[in-house]
Amino acid sequence: MILNGRKVAKEVLIGLKEKIQKSVEKPTLAVIIVGSNPSSISYVNRKVVKCEEVGINSMLIELAEDVSEKKLLSIIEDLNNKKDVDGILVQLPLPKHINPLKVTETISYKKDVDGFHPINMGKLLLGYTDGFIPCTPLGIKTLLDNFDIPLAKKHVVIVGRSNIVGKPLAAMLIQRKTNATITIAHSYTQDLKSITKTADILVASVGRPNFITADMVKDGSVVIDVGINKIVGTNHISKIVGDVDFENVSKKASFITPVPGGVGPMTIASLMQNTFKSFQER
Ligand SMILES: NC(=O)c1ccc[n+]([C@@H]2O[C@H](COP(=O)([O-])OP(=O)(O)OC[C@H]3O[C@@H](n4cnc5c(N)ncnc54)[C@H](OP(=O)(O)O)[C@@H]3O)[C@@H](O)[C@H]2O)c1
């Protein structure tokens, strides 16, 4: 069965829109983009469009590729101090002369709707529920819950240990409320296949097209594909594929996310949810 993220995200956004319509004031999300990386521009535009759809004000701040780190940090500080700005997001990756960790730490943890601030990461690990959870892990959890896929007692194998997906997803699913058993694999993991084959739920966040093949997957497992990879097809037209060999893995999996239309839309929906959460706590 296909885990249709587009459909679930739409339902989440409709619910949010109804709540926002009922309030006099509107939430505001500030989105900062540095430079003109085409993928970043496309991600940012998608976020701005979703804001409009649900009734969140978006404030798009476009900065030149050579903007100084000092200037960027001072813009963030200004936004931190603005009462009517609920969320601040700086699109990654940043140019090499800007330290992304400094940027993440400068955003007020109370407006950190991406959930990357060390305080929010710490809260997630400790099981506090008042912090912001990074959007992709939150979106994956919402998707699994929506299809009533149980997590308690299940073995979740996450391939990829990034700070934005693998680590926070593991931190979220290992909590007492969820009670999954987690294994995180990475590029130094030995005999990956023997581990992935034991997964009841397999999450791939690697960034390599068709990395997870059918022989790496247990029959009846749930497969979540986070990867977004641009490849050029035999017809010379580029297309987006995930990290999972969808055609063959889908024959073995009980549930699987497509790419596009799986985790991606859920990530944006979670960003909208986090912005609304911040607005409610204004
Ligand atoms: N759908 C969405 O909303 C969304 C959100 C975020 C990211 N993404 C996509 O997801 C993909 C991964 O991004 P990310 O930021 O999570 O990760 P990342 O920072 O790109 O890192 C990739 C991870 O994969 C691991 N890896 C690489 N080769 C491996 C191998 N041969 N065996 C096992 N592990 C291996 C790396 O291990 P090491 O740590 O050892 O290097 C690393 O932990 C990308 O395609 C990205 O565009 C999608």
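Order of appearance sets the numbers: ligands from 1, and atoms from 1 within every ligand.
- For ligand 1, one of its N or O atoms has an N or O atom of Ser187 under 3.5 Å away.
- Not a single heavy atom of Thr189 lies less than 4.0 angstrom from ligand 1.
- The number of heavy-atom neighbours closer than 6.0 Å to CZ of Phe147, taken from other residues, nucleotides and ligands shown, is above 12.
- Which of Ser205, Pro209, Gly207 comes nearest to atom 13 (O) of ligand 1 through a heavy atom is settled by distance: it is Ser205.
- For atom 46 (C) of ligand 1, the closest non-hydrogen atom of the protein is Ile228 N, 4.2 Å.
- The distance from ligand 1 to the heavy atoms of Gly160 drops below 4.0 Å at these ligand atoms: 23 (C), 24 (O), 43 (O).
- Tested against Leu79 for a side-chain contact (heavy atoms from CB on, under 4.5 Å), the candidates Thr28, Ile32, Thr106 yield a single pass: Ile32.
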Criterion side chain to side chain contact (heavy atoms under 4.5 Å, CB included) on Leu169 and Lys141, from CA distance to verdict: CA-CA 8 Å; Leu169 181 63; Lys141 177 77 168 45; 5.8 Å; no

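- Regarding atom 39 (O) of ligand 1, its nearest protein heavy-atom neighbour is Arg161 NE, 2.7 Å.
- Annotation for ligand 1: atoms under 4.0 Å from non-hydrogen atoms of Ile164 are 6 (C), 15 (O).
- Given atom 22 (C) of ligand 1, the protein heavy atom at minimum distance is Val206 O, 3.3 Å.
- When non-hydrogen atoms are compared, ligand 1 lies under 4.0 Å from the side chain of Thr267 (C-beta onward) but not from its backbone.
- Arg208 counts as a contact of ligand 1, since one of its heavy atoms falls under 4.0 Å from the ligand.
- When each atom of ligand 1 is checked for a heavy atom of Val159 under 4.0 Å away, the hits are 33 (C), 34 (N).
- Residues Val259 and Ile164 do not share a hydrophobic cluster, clusters being chains of Ile/Leu/Val/Met/Phe/Trp/Tyr side chains in contact below 4.5 Å.
- In this structure, Lys123 places its NZ atom where more than 12 heavy-atom neighbours from other residues, nucleotides or ligands lie under 6.0 Å away.
- Within 6.0 Å of the NZ atom in Lys50, the count of heavy atoms belonging to other residues, nucleotides or ligands does not exceed 12.
- Ligand 1 has no nitrogen or oxygen under 3.5 angstrom from a nitrogen or oxygen of Asp243.
- Listed by atom number, the atoms of ligand 1 under 4.0 Å from Phe211 heavy atoms are 30 (C), 31 (N), 32 (N).
- For atom 19 (O) of ligand 1, the nearest protein heavy atom (residue, atom name, distance) is Ser162 CB, 3.6 Å.
- Comparing heavy-atom distances from atom 48 (C) of ligand 1 across Asp225, Val226, Val165 singles out Val226 as nearest.
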message: side chain to side chain contact (heavy atoms under 4.5 Å, CB included) for Val244 and Asn210? Distances and angles first, verdict last.
response: CA-CA 4 Å; Val244 175; Asn210 301 322; over 6 Å; no

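- Within ligand 1, counting atoms from 1 as listed, the ones closer than 4.0 Å to a heavy atom of Asn229 are 45 (O).
- Heavy-atom distances between Gly264 and ligand 1 reach below 4.0 Å in at least one pair.
- Judged purely by distance below 3.5 Å, without hydrogens or angles, the side chains of Ser278 and Arg282 never pair a donor atom with an acceptor atom.
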message: The test is salt bridge (charged side-chain N to carboxylate O under 4.0 Å, His left out); show your working for Lys7 and Glu11 and say whether it passes.
response: CA-CA 6 Å; Lys7 184 166 172 279; Glu11 287 162 10; 3.5 Å; yes

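- Counting heavy-atom neighbours within 6.0 Å of Glu247 CD, excluding the residue itself, gives a total of 12 or less.
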